[in-house]
Amino acid sequence: MNQKTIRLLMPQWQGGNNHNYSFGAELLAWLAPDNDQPLIQVPVQAYDGTPLENENGINGRKQLIEQLEAAEHIIYAHKPDRIVMFGGDCLVEQAPFAYLNERYHGELGLIWIDAHSDLVGYKGYDNGHTLPLGNLLGEGDEEFAKHVKIPLKPENVFIAGLATPTEQEGQVISEAFERLGITTAESDTEMIQRLGIKTAGAEELTKSTASIKEWIKESGIKHLAVHLDLDVLDPKAFRSLLFANPEGPYTFSPAGSLQIPQLLHLLKELSEETDVVGLGITEHLPWDSINLKNLLGEIPILNK
């Protein structure tokens, strides 16, 4: 039986309030292997230098909702069996994964490969990319969560690669939060415990992926979506990340520590264990290419 697969390119930047995510998404889609899967671009309002407005606790809320609805429109028009998403910030995952959970009758499994849970919002750090998994579970932000017709079951979600801050990182993060007045009603750890979501840190995954295989078997996961935030990787080994910005470190959350061979091993194992029907890759920030593109854009002979 033929499975209809579409690729979406969603160069959304507003969820992370960082216009560089757009170019990162475009380069990601260009780098992906060529095949006969159609590539469809989701319309995204380009950055024009205007700062995003904080709208009821979310920067650029109106643009993000409009872009979410545009992605939904494309997906429902094509009615695919499988979706590949190239982002953009992590919020691009909401539309494809919500659709796939409907497509597979509310039984979709989701592995969230990420150094961060993306479950809760932070007042004072009002960027939507902290919320996609929360929205998909019917929690998160009410306006975004309303777009999820069938919330994912918490027992069908596994968060892999969570970063645990070192004592020094924890101190830096706490100081940054205190300085900027960043707060949250419920921590991601508290929500994970309340919902009973299974997790595995990067250190555990380096030794074994057995806990993920057991979860797939025990939960009876027949169809799986995979969220891959490149932030799960070690920024010392892979430099195209928010945490590897040459202009200064990102200090609001701990960096990832997975190595590329470990990540590839996990992705291949998932494909062997069950039917992978969704893949989203997000938060690609290729700093060298970004800086080179900006340089080329300023050279007079190239712009006549």
Side-chain angles (χ1 to χ4, degrees), residues 3 81-85 90 93 96-97 100-101 103-120 132-134 136-137 139 151-167 169-170 187-238 241 243 253-283:
Q3 298 280 307
D81 302 297
R82 303 181 181 195
I83 302 174
V84 175
M85 170 63 87
C90 287
E93 306 288 45
F97 293 167
L100 287 170
N101 197 38
R103 168 69 182 78
Y104 296 103
H105 315 294
E107 297 297 333
L108 181 74
L110 173 59
I111 182 160
W112 201 260
I113 305 176
D114 203 319
H116 318 104
S117 71
D118 295 342
L119 284 169
V120 300
L133 183 52
L136 286 163
L137 288 161
E139 307 236 356
L152 274 86
K153 296 177 179 178
E155 60 268 28
N156 282 6
V157 174
F158 194 111
I159 305 174
L162 276 176
T164 303
T166 64
E167 186 175 338
E169 284 176 329
S187 73
D188 56 352
T189 302
E190 290 167 341
M191 187 181 286
I192 287 167
Q193 291 174 345
R194 172 167 62 83
L195 297 177
I197 296 171
K198 293 189 180 298
T199 68
E203 189 175 343
E204 178 184 337
L205 293 179
T206 300
K207 297 172 183 172
S208 172
T209 57
S211 60
I212 296 175
K213 293 178 183 177
E214 288 170 13
W215 164 73
I216 289 172
K217 288 173 183 171
E218 289 173 4
S219 302
I221 303 295
K222 293 184 173 60
H223 305 286
L224 181 71
V226 179
H227 161 73
L228 171 55
D229 181 341
L230 293 171
D231 281 351
V232 79
L233 292 168
D234 181 353
K236 295 188 293 294
F238 183 73
L241 304 174
F243 293 86
S253 54
S257 59
L258 272 186
Q259 305 299 312
I260 287 178
Q262 296 163 356
L263 175 60
L264 181 58
H265 175 71
L266 171 58
L267 293 170
K268 285 184 173 180
E269 283 204 331
L270 292 173
S271 296
E272 292 169 0
E273 291 292 322
T274 189
D275 183 20
V276 175
V277 296
L279 171 64
I281 310 176
T282 63
E283 312 250 339

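Side-chain atoms are counted along with the backbone in the values below, which use heavy atoms only and exclude waters and symmetry mates.
- In terms of heavy-atom proximity, Pro235 sits nearest to Leu241 at CA-CD1, 3.8 Å.
- Nearest heavy atom pair, residue Asp234 against residue Lys236, reads OD1-N, 2.9 Å.
- Ser253 approaches Phe243 most closely through the heavy-atom pair O-CE2, 3.0 Å.
- In this pair, Trp112 and His227 present their aromatic rings parallel. The plane angle is below 30°, not in the 30 to 60° band.
- The two residues Met191 and Val120 come nearest to each other via the heavy atoms CE-CG1, 3.6 Å.
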What's the verdict on salt bridge (charged side-chain N to carboxylate O under 4.0 Å, His left out) for Glu139 and Arg194, showing C-alpha distance, side-chain angles and the deciding distance? CA-CA 12 Å; Glu139 307 236 356; Arg194 172 167 62 83; 2.8 Å; yes
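- The minimum heavy-atom distance between Val276 and Arg82, with the atom names listed, is O-NH1, 3.9 Å.
- Qualifying salt bridge (Lys or Arg N to Asp or Glu O under 4.0 Å) partners for Glu204, counting only residues two or more places apart in sequence or in other chains: none.
- Looking at every heavy atom in both residues, Ala115 comes nearest to Pro254 through CB-O, 4.3 Å.
- When each of Val232, Asp231, Leu230 is tested with Leu258 by the rule side-chain contact (heavy atoms from CB on, under 4.5 Å), just one qualifies, namely Val232.
- No hydrogens or angles considered: nothing links the side chains of His116 and Asp229 as a donor-acceptor pair under 3.5 Å.
- Comment: Lys153 engages Glu107 in a salt bridge, judged by a side-chain N to carboxylate O separation of less than 4.0 angstrom.
- When Glu269, Glu218, Glu272, Glu273 are each tested for a side chain to side chain donor-acceptor pair (under 3.5 Å) with Lys213, only one passes: Glu269.
- For Ser257, there are no side chain to side chain donor-acceptor pair (under 3.5 Å) partners two or more places apart in sequence or in a different chain.
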Checking side-chain contact (heavy atoms from CB on, under 4.5 Å) for the pair Asn101/Leu110: CA distance, chi angles, key distance, verdict? CA-CA 9 Å; Asn101 197 38; Leu110 173 59; over 6 Å; no
